[in-house]
Amino acid sequence: MADDANPIALNRAGLIGKPVDRLEGKLKVSGTADYAYEVMEKPGAAFGYLVGATIPRGKIAGVDISAAEAAPGVLLVWTHRNAPSQPAPGTQSQAGSQAPAQPELYDERIRFYGQTAALVVAESFEQAAAAARLVRIDYEADAGAAVVFDDMHAAARDTGGDEEAQKGDFDAAFASAPAVIDATWTTPVQNHCQMEPHASLCWWEGDQVYAFTSNQSVKRPQHALGETLGIDRNKVHLRARYIGGGFGGKNNSYADLTLSALAARELKRPVKIALTRQQMFHMTVHRPATVQRVRLAADRNGQLTGISHETISHCARADRFMERASAFTKNLYAAPNRRIGHKLALMDLPVAGAMRAPGEAVGMLALECAMDELAEQLGMDPVDLRILNEPDVDPTDGRPFSTRPLVRCLKEGAQAFGWDARIPTPRHTRDGRWWVGTGMAAAIRGNFLLPAKAQIHISAEGIVTVRQAMTDIGTGTYTILAQIAAETLGVPLEEVRIELGHSEWAPAPGSGGSFGAASAGSAAMDAGINLRSKLAALAVGDAASPLHGGDPAKAEFRDGNIVIGNQAEALGDLVRRASPQGVDAVGAVTPDPKGREYSQHTYGGHFCEVGVDAVTGEVRVRRMIGVFAAGRILNHKTARSQLTGGMIWGIGGALHEENHVDPRFGSFVAQDLAQYHVPAQADIAGLDAWFIDEVDDIANPLGIKGVGELGICGAGAAVANAVYNACGVRVRDYPITVEKVLAGLQALEG
Amino acid sequence: MQIRLTVNGEPRALEVDVRASLLDVLREGLALKGTKKGCDHGQCGACTVLVDGVRINSCLTLAVMHDGDAVTTIEGVGTPEALHPIQQAFLEQDAFQCGYCTPGQICSALGMLAEAAAGHPSHATADLLAPVELTEPEIRERMSGNLCRCSAYPQIVAAIRQAAEAA
Ligand code: FES
Ligand code: FES
């Protein structure tokens, strides 16, 4: 679209980019935003409580629910023996279905530890929780249920899919290079730990079900529930208005949705179910552990001649989810000889899934530390090494980049941080008992656009309402859609309403993969432009309008008016008179096939200073900045928050977060927030993020790119590199916890 | 069992299950859904409310233990139409994303500011005898019982400072 026809590029009212407060913010700070479990539209909900299996794989051999059924207040107890029959898992019988049936309690098989084995519904939460403890289930574990976590290599199998990324002769390049790195990094199981546990509340009206749930998308759980219940999905009215965090772990729906819908149908009253914090660790998804071997080959000047990044990640036996930790390496640095690979190790563990920046989040913890090691070996500055290996086109497929300001990010970050004062030799600065050092890393994250639609309405009062089957999981969707609609129609922000989270509304892909703003927002702008055409036609065709007879192609929209030449009319006046029921329009975005001719990413540079306690090995981030390029920024306030949030996740990945597998049960050892350490307020200090000015006209009609995942990419590597620079210890087995640092310090100090 | 609570200034008499946490009684018994349940085990702070002015994790205490107590929840702090200055500061500083930890953060911040004003030291306090100065490390230390997985931590500190300076 030409810039002079694109209201977002024109930005006449200056709303695009403006750091406005969150549209729904007043509700959130006053506790009046209602999350799924809290919805009051239909009072009198009964309380469901789930019971999880306690074996890694096997079957339910015996069930006794009599005591639970006899407990006070109990309304229903289900196991696979008496739960309603449902379509087989994977059933996708409705045309255009986006998600398969997700039956629960449908057979005696246990496929992973924590799988839902029973449901209790009672009048109160206390009664349901107490009765759940009375459900007796005897399990028979399969012989040979296998969790071979310590040797992922032994269990790994090739999965293919990276053929296009093999280039030249890596082995020959590696064998002949004067400078090489060959090391293996490991990353542990990580858990999403959204603050709001997965929850659903359902009721029925006739043959229609109303389902409030905590999900990153609206259409997928709607479709899944339609398939599971065996009803036309249009009879599923899915609602996801407020979602207490997603991070990839609410891409799917889980037992809370399926079973609250089934139990509500059975009991003819609303039923709500929330997973407990403990249940979330097994009943939902996690980020799988990885083992990553990175090899770099370079000439004496630092020019890379070969890059290899090979990842093994684990996966549930019946699933094929892969942490594609090597994938970004295809696009980051130039080198003629390349080897990229992924393998899966199947185990009897719960199902893994996407967690914020799947692939990059843990992959950059390896590659960006390997680059640091190479820089040291060559005696080069790590920023210079990266700049030297900056490709002109995508190093794997030769496509041009839509934009590629990585070098600018690195240079501006280095300058803002004061990188030129850095001392490259480790163990150079002592502040009391702290070793102090600095590190940096690059950031890259793929950019995507998915098809989306939007509907828009202007009322006789001049209020503009955008409706979408879209979500805001904390990402700022409500706010940026309002900015887009207000800028497109030239109305003040206060006159825009955004209504999300209803499955009946125009479909959008939801929040995930950093595609939400681009997809939903582009559709909203298109709807706004279509509404403008309708309003212009209305005005010039209306004898009572001062714009009557004007050229609708010349119509401009500003300050709440439609303007042609020197004639203007307030939008509300026009609509009230000429179309008192309001005016509606729809809009859509479909990815332009031309976009695929470009390699599209967001970029950044992280710079970090840490202190390492010479006595205890404790690592503390002292200050950190990230400079990012993510196309046009719609809202500098909310976008910055996405980035700083991501950077803190990076710190968590480097220093804190890990889960361990208990091979006896195929379970995770940490099952709560005391054992699984997510970064807390005291772990964070002086941290900031900002953007360089850029627009990506290839990416989408808004010229924007996703920001939800970029901040985590590379952030942890900058921390790890700073730890080395501070104290001389390289820990390649994440997270960098005190015992590993101490062991390294002792080895150095003898 | 019958208990009496004063909730956000209003006297309430209610019949509660002796097993019910104060959190569940607030959310389910009194329909005050602003107080959140993040873990039900005292590990996240989402359920923080003020009991007689002191911040507590309401999931970690039984409702029956509070017969006669005065409880302030987020609904008693301010409303969307009339935000408390600290709520306004959270809004302006973007001190939340998904918003689920937010009521707990705000109640905790109010309790924390009162503790600091009363001279209670923290792990980060250098001088135990001097009045508490609300530096960033002090705020971070005192707010570490409230997890925010969206990681709005820098913005939360900024919001608390803004509110504390305005007060
Ligand atoms: S819900 Fe009370 S501390 Fe987490
Ligand atoms: S705002 Fe989402 S957890 Fe704090």
Side-chain angles (χ1 to χ4, degrees), chain A residues 19 21-22 24-35 37-38 40 47 124-127 129-130 192-197 242-247 274 276-277 473-476 637-638 640-642 644-649 652 672-674 678-688, chain B residues 17 19-20 24 27-28 31-44 46 73-75 77-81 83 86-88 90-92 94-103 106 123-124 136-137 139-157:
Chain A
D21 296 341
R22 283 176 200 260
E24 81 293 10
K26 287 186 178 175
L27 301 182
K28 285 180 174 172
V29 299
S30 62
T32 47
D34 53 346
Y35 300 78
Y37 199 77
E38 301 161 356
M40 297 285 285
F47 293 78
S124 77
F125 176 75
E126 292 75 26
Q127 290 168 334
H192 301 75
C193 298
Q194 309 91 338
M195 290 309 304
E196 181 208 20
Y242 300 104
I243 298 99
F247 313 115
T276 66
R277 176 57 58 184
I473 60 174
T475 40
K637 187 180 286 193
T638 56
R640 171 177 171 264
S641 294
Q642 288 276 287
T644 53
M647 289 165 71
I648 291 169
W649 275 58
D672 60 34
L673 295 168
V678 305
Q681 182 65 268
D683 294 317
I684 303 308
L687 182 129
D688 206 356
Chain B
D17 189 317
R19 299 166 295 188
D24 283 323
R27 277 167 66 82
E28 307 299 344
L32 293 169
K33 314 275 186 172
T35 308
K36 304 303 183 196
K37 185 187 283 190
C39 70
D40 221 5
H41 276 65
Q43 299 168 345
C44 74
T73 68
I74 189 71
E75 290 88 349
V77 174
T79 63
E81 298 73 35
L83 295 180
I86 195 152
Q87 292 171 314
Q88 183 66 33
F90 266 65
L91 179 64
E92 288 171 13
D94 209 34
F96 59 94
Q97 293 174 32
C98 77
Y100 199 76
C101 73
T102 313
I106 289 173
H123 176 69
E136 285 201 25
I139 295 174
R140 282 193 221 111
E141 174 63 28
R142 290 165 186 266
M143 290 299 292
S144 273
N146 290 81
L147 298 179
C148 175
R149 188 52 158 163
C150 298
S151 301
Y153 296 126
Q155 292 84 349
I156 291 169
V157 171

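Chain letters run A, B, ... following the sequence lines, proteins first, then strands; residues in each count from 1. Fair warning: this is a prediction, and the values are worked out from it, not measured in the lab.
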Query raised in the report: Going through the distances and angles, do A:Lys26 and B:Gln87 end up as a side chain to side chain contact (heavy atoms under 4.5 Å, CB included)?
Result: CA-CA 8 Å; A:Lys26 287 186 178 175; B:Gln87 292 171 314; over 6 Å; no
Query - Side chain, backbone, both or neither of A:Leu673 within contact of chain B (heavy atoms, under 4.5 Å) - result: both
Requested in this report: Please flag which part of A:Met195 lies under 4.5 Å from any non-hydrogen atom of chain B: side chain, backbone, both or neither.
Outcome: both
Query raised in the report: With only heavy atoms counted, which part of A:Ala129 is less than 4.5 Å from chain B, the side chain, the backbone, both or neither?
Result: neither
Query raised in the report: Most heavy-atom pairs under 4.5 angstrom with chain A, which of B:Phe90, B:Tyr100, B:Phe96?
Result: B:Tyr100
Query - Side chain, backbone, both or neither of A:Ala674 within contact of chain B (heavy atoms, under 4.5 Å) - result: both
Query raised in the report: chain A: which of B:Lys37, B:His123, B:Gln88 shares the most heavy-atom pairs with it under 4.5 Å?
Result: B:Lys37
Query raised in the report: chain B: which of A:Asp683, A:Thr638, A:Asp34 shares the most heavy-atom pairs with it under 4.5 Å?
Result: A:Thr638
Query raised in the report: Side chains of A:Pro679 and B:Arg149: closer than 4.5 Å at any heavy-atom pair?
Result: yes
Query - Among the listed options A:Thr276, A:Ile243, A:Leu27, A:Val678, the residue most often paired with chain B at heavy-atom distances under 4.5 Å - result: A:Val678
Query raised in the report: chain A heavy atoms under 4.5 Å from B:Glu92: which part of the residue, side chain, backbone, both or neither?
Result: both
**Report entry** Closest contact, heavy atoms only, B:Ile74 versus A:Val29
**Finding:** CD1-O, 3.4 Å
Requested in this report: Against chain A, label B:Arg142 side chain, backbone, both or neither, depending on which of its atoms sit under 4.5 Å from a heavy atom there.
Outcome: neither
Requested in this report: Could you look at B:Asp24 and say if it's the side chain, the backbone, both or neither that has a heavy atom under 4.5 Å from chain A?
Outcome: side chain
Query raised in the report: Quick one: side-chain hydrogen bond (donor to acceptor under 3.5 Å, both in side chains) partners of A:Ser30, sequence neighbours excluded?
Result: A:Thr32
Query - Interface moiety of B:Leu83 toward chain A, non-hydrogen atoms closer than 4.5 Å - result: side chain
Requested in this report: Name the member of A:Gly646, A:Ser641, A:Gly645 that forms the most heavy-atom pairs with chain B at distances under 4.5 Å.
Outcome: A:Ser641
Query raised in the report: Measuring heavy-atom distances to chain A, does B:Ala152 have an atom under 4.5 Å in its side chain, in its backbone, in both, or in neither?
Result: neither
Query raised in the report: Of all heavy-atom pairs between B:Gln97 and A:Gln642, which one has the smallest distance, and what is that distance?
Result: OE1-NE2, 3.3 Å
Query raised in the report: Using a cut-off of under 4.5 Å for heavy-atom pairs, which of A:Ala685, A:Ala130, A:Gly245 has the most such pairs with chain B?
Result: A:Ala685
Query raised in the report: Roughly how far apart are B:Ser151 OG and A:Ile684 CD1, rounded to 0.5 Å?
Result: 7.0 Å
Report task. Please state whether the side chain, the backbone, both or neither of B:Glu28 comes within less than 4.5 Å of a heavy atom of chain A. Result -> side chain
Report summary line: Among A:Asp21, A:Ile473, A:Thr644, the residue with the most heavy-atom pairs under 4.5 Å to chain B is A:Asp21
Query - Note: A:Arg22-B:Asp94 ion pair, threshold 4.0 Å (strictly below) - result: yes
Query raised in the report: Looking only at atom types and distance, does a side-chain atom of B:Thr102 sit under 3.5 Å from a main-chain N or O of A:Lys28, one as donor and one as acceptor?
Result: no
Query raised in the report: Between B:Lys36, B:Glu75, B:Met143, which shows the greatest number of heavy-atom pairs under 4.5 Å with chain A?
Result: B:Lys36
Report task. Would you give the length of the straight line joining atom CD of B:Glu136 to atom CD of A:Gln681, rounded to the nearest 0.5 angstrom? Result -> 9.0 Å
Requested in this report: Using non-hydrogen atoms and a 4.5 Å limit, figure out which bit of B:Leu91 sits close to chain A: side chain, backbone, both or neither.
Outcome: both
Query raised in the report: Got more than 12 heavy atoms from elsewhere within 6.0 Å of NZ, A:Lys637?
Result: yes
Report task. Examine whether an atom of A:Tyr242 lies under 4.5 Å from a heavy atom of chain B, and if so say whether it belongs to the side chain, the backbone or both; otherwise answer neither. Result -> neither
Requested in this report: Quick one: closest heavy-atom pair of A:Tyr35 and B:Cys98, and the distance?
Outcome: OH-O, 2.6 Å
Query raised in the report: Which one of B:Arg19, B:His41, B:Arg27, B:Gln43 has the most heavy-atom pairs closer than 4.5 Å to chain A?
Result: B:Gln43
Query raised in the report: So which part of A:Glu126 gets closer than 4.5 Å to some heavy atom of chain B, the side chain, the backbone, both or neither?
Result: both
Query raised in the report: Which heavy-atom pair separates B:Pro103 from A:Gly31 by the least distance, and what is that distance?
Result: CG-CA, 4.0 Å
Query raised in the report: Taking atom CD of A:Gln194 and atom SG of B:Cys101, what is their separation to the nearest 0.5 Å?
Result: 13.5 Å
Report summary line: When the 4.5 angstrom heavy-atom criterion is applied to A:Thr475 and chain B, the contacting part is neither
